[in-house]
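Heavy-atom basis, side chains included; hydrogens, waters and symmetry copies ignored.
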Amino acid sequence: MPYLNEVLPATSESAELKALRVENNKLRRINAALIERVESSSSQRTESYAAFQHSVELAEQVRERTHALNETMAELQASNRLLIDARAHAERAHHHLTDAIESVSDAFVLFDRHERIVLFNSRFAAFWKGTRAGVKAGTSLAEIKRLAVSTGLVTEVDAAADGHVLYQLRGMRWVQVSERLTSEGGLVIMYTDITDLKQSETARREKALAQKTRLLQRTVDSLSQGVAVVNEEGALEVWNGRFLELAGLAPIEAHRPFAEVMEDSELELLAPSRQGFSSAAQLTCEQRLSNGRVLEVRTHPMPSGGYVNTYTDITERDLYAKALLESERWVRLITDHVPALIAYVGEDLTYQFTNKVYEEWYGWRRGETQSKSLRRVHSPEQFSRLQPYIERAFQGESVTFEFAEHNAQDQERYLLRSYVPNLDAQGRVIGIFVLIRDITDRRRTAEALHEAYQHLEQRVLDRTQELTQLNSQLRQEISESAQAEARLREAKREAEQANMSKTKFLAAVSHDLLQPLNAARLFTGALLEHEVPAASVQLIRQVSHSLGDVENLLGTLVDISKLDAGVIKPDIAAFKLSELLDNLANEYRQIAAVEGLDMRFVGCDAVIRSDAQLLARILRNFLSNAIRYTQSGRLLLGCRRQAHGLRIEVWDTGMGIPSDKLLEVFQEFKRVNPNANTKDRGLGLGLAIVDKIARMLGHRIRVRSWEGRGSVFSVDVPFGRLLAQPEHVTALPAGLDYRLRGARVWVLDNDASICAAMRTLLEGWGCQVVTALSEEDLASQVDNFHAAADLLIADYHLDNDVNGVDVVATINARRGHALPVLLITANYSNELKLQVRQLGHVLMHKPVKPLKLKAAISHLLSTQRDQ
């Protein structure tokens, strides 16, 4: 082939042959010289034999040398034959190499150590056709690169991900260059044609880009927000159907100016370039439409130009905010009518909440407390007296003390102050609740009693001294002492009656106190089960926690008052303990799981004699305290049989109680280790209520604890005997939602806020809800009570002295099949409990907790469907 160059190196066999020939000529000259010496010798006869002998030796040496020369010649001939064979093999190997290079599908070039061409195949030569470039053996690599650029053979150079170099040739052809060094310092370069692969990759990229574009459009279409993407020229590039729906626009064409599109909408145009939107924090606004819908519009500038507008329907969030404001109004209404000074102070000692009585005491205008601090309200002397108690409260201790202070009319009054710490989820005190009661009258009565006692003692001494002088005066003094004692008893009786009146007042107004709080709890429970923006979740949880604190505060105060006033009477009866424990275990197993605790339960079918609801209250306090003071580990609810009854026990693996404080835990407003990082905040009244209920029922409460290892609280109840075997009550299952989906529920309550809260909460669980404020209102909505329904929820206290029991009886009397009934009330009387039990209804007390409400509804629906 004319373009292939061949280089054959000299072999070692020719050099060896030349050396043997030189040595052979040398031996011949030596042999000739010896013969000539023998023939020309003129020695005497005596030396003839020696010469002959010497010639014989020389002849032997010549013969040996000749034999060696012949062997060497034979070897030289054999070497020549091997050399010829090797030359033939080399020629065949060269031809094979040439054929192999030609058979390679890629362009092949071999360079020597000086980077000059030694060999190349026809595919490499084909690259240079039509370029007039003289590429041949001996051309350097640098010259080839220069010619490739100058002739226009290479139009683009690119680097692949694997380190190879890619060249784009004329005619949209692509080659990949692979280089490798040889053992002698040369270089082998392979040029692989990847045009088809490059075109395939380009097509695949275009297909992937189109697929990503479709996925992006589908993603945008699936968003619940309206989205509009505007390019740097102000034209609308991408949008979804939600944007058209919220903006009230018909289908539009792409690439239309966004300002022109928004002219057909009720919404205002929002863009980063508009005046008044100079910072990212300002690129958000709310727009209210004529149909009542409220939209939150945000614009997000893009780094490459243009911007993205999002449109979020916040109508429900706006309604929720209004509902929260209404709930706050109800809470303020409640606290404004409580005959005590109530306030909340933050970490910076600034007032964050005060009720009307508090503001009237100091003569403040409504809302003026937001800028006031405890340091400014009180004089330096008064604040220095309060400061130790404030510091103790911020250390987590509930403190109560008496303090004399002047009111806005400059009257000195005696105040009983209580500082209750408010702890966050990490156990850190973030504020304190302030509860102040005017005890001036009680203090003055006590002082009068003390003064009367002192005066009586002095007068008795005086009369005793005068006894020796005048017996008649002694009788008169005794009469005056009797009158003073009578006045003392009367004053004491009046003080006890005043205290009892306050207690009965709190017990009597429990319904009015808990009614708005019940609505607020239902609303927040519904909010937590809906999908709301992430920024609102923390706010809702804080409101829920605050309502829970108010509920605990009012609930425990009302319970203590009712127990002290004797409003709550035990309803002692025999019942199966499993009816109580199974439901408690299912309820608190879910609560413990949320807190990361393992709750174990050992059931018991024994029959006991007690008040089921009051006993449940005791066990709920035990379980709640066990969860509150257990950071990790497990709980156990079970029973032990005793000689005359059962001992119901609640075990935990919590922080434990010091042995010297076991009796203090049952005292009011007493919390052991208040600085502990517990999961919940308490006021120290739960176990005090347990102690009062146990005394009322005649049950014995026991507590054992091991500090750092856990505690066990137990209550001893006597055995009982059932007169008739009751129907078996199935324990509530752990999963409740599936039974509520599609359930038709009627809600009857004379409070519109509770109706709205019930509707929001139940519809969030998948129920179909009808709410009414009266019997007539419900009849007009449900075809005079003949419409299909699964459950009736009714309040006991309705308007015009109508009670829920009578209304439920009227409704079920007009239907072919009676509806299961759930009555909700703040009335704790035994008569009502007995009446509801005889009618077969379920009774719940306010404020209603969403989890207990869901469990009760699920139980009633399952009973209805089983029938």
Applying side-chain hydrogen bond (donor to acceptor under 3.5 Å, both in side chains) to Gln287 and not counting sequence neighbours gives none
Side chains of Asn583 and Glu587: is there a donor and an acceptor less than 3.5 Å apart? no
Test ring pair (Phe, Tyr, Trp, His ring centres under 6.0 Å) applied to His841 - qualifying residues, sequence neighbours left out: none
My understanding is that only residues two or more places apart in sequence, or in another chain, count here; which of them pass side-chain contact (heavy atoms from CB on, under 4.5 Å) with Ser265? Ala247, Leu249, Met262, Leu267
For Asp348, the side-chain hydrogen bond (donor to acceptor under 3.5 Å, both in side chains) test, sequence neighbours excluded, returns Thr350
Identify, with sequence neighbours excluded, every residue that meets ring pair (Phe, Tyr, Trp, His ring centres under 6.0 Å) alongside Phe258. none
If you measure only the distance, is there a donor-acceptor pair under 3.5 Å linking the side chains of Gln225 and Thr312? yes
Restricting to non-hydrogen atoms, name the atom on Ile811 and the atom on Leu778 that form the minimum distance, rounded to 0.1 Å. CD1-CD2, 3.8 Å
Partners of Arg744 by side-chain contact (heavy atoms from CB on, under 4.5 Å), sequence neighbours excluded? Gln768, Ala788, Asp790
So, using salt bridge (Lys or Arg N to Asp or Glu O under 4.0 Å) as the criterion, who are the partners of Glu286 when residues are at least two apart? none
Could you work out, with salt bridge (Lys or Arg N to Asp or Glu O under 4.0 Å) as the rule, every residue matching Arg759, not counting sequence neighbours? Glu763
By side-chain contact (heavy atoms from CB on, under 4.5 Å), Arg256 pairs with (sequence neighbours left out) Ile252, Glu253, Glu260, Val261, Asp264
Do Tyr344 and Thr354 have side-chain atoms, one donor and one acceptor, less than 3.5 Å apart? no
Among residues at least two apart in sequence or on other chains, which ones pass side-chain contact (heavy atoms from CB on, under 4.5 Å) with Val842? Leu822, Leu860
Of all residues at least two apart in sequence or in a different chain, which pass the side-chain hydrogen bond (donor to acceptor under 3.5 Å, both in side chains) check with Asn812? none
Arg298 meets the side-chain hydrogen bond (donor to acceptor under 3.5 Å, both in side chains) criterion, sequence neighbours left out, with Thr284, Glu296
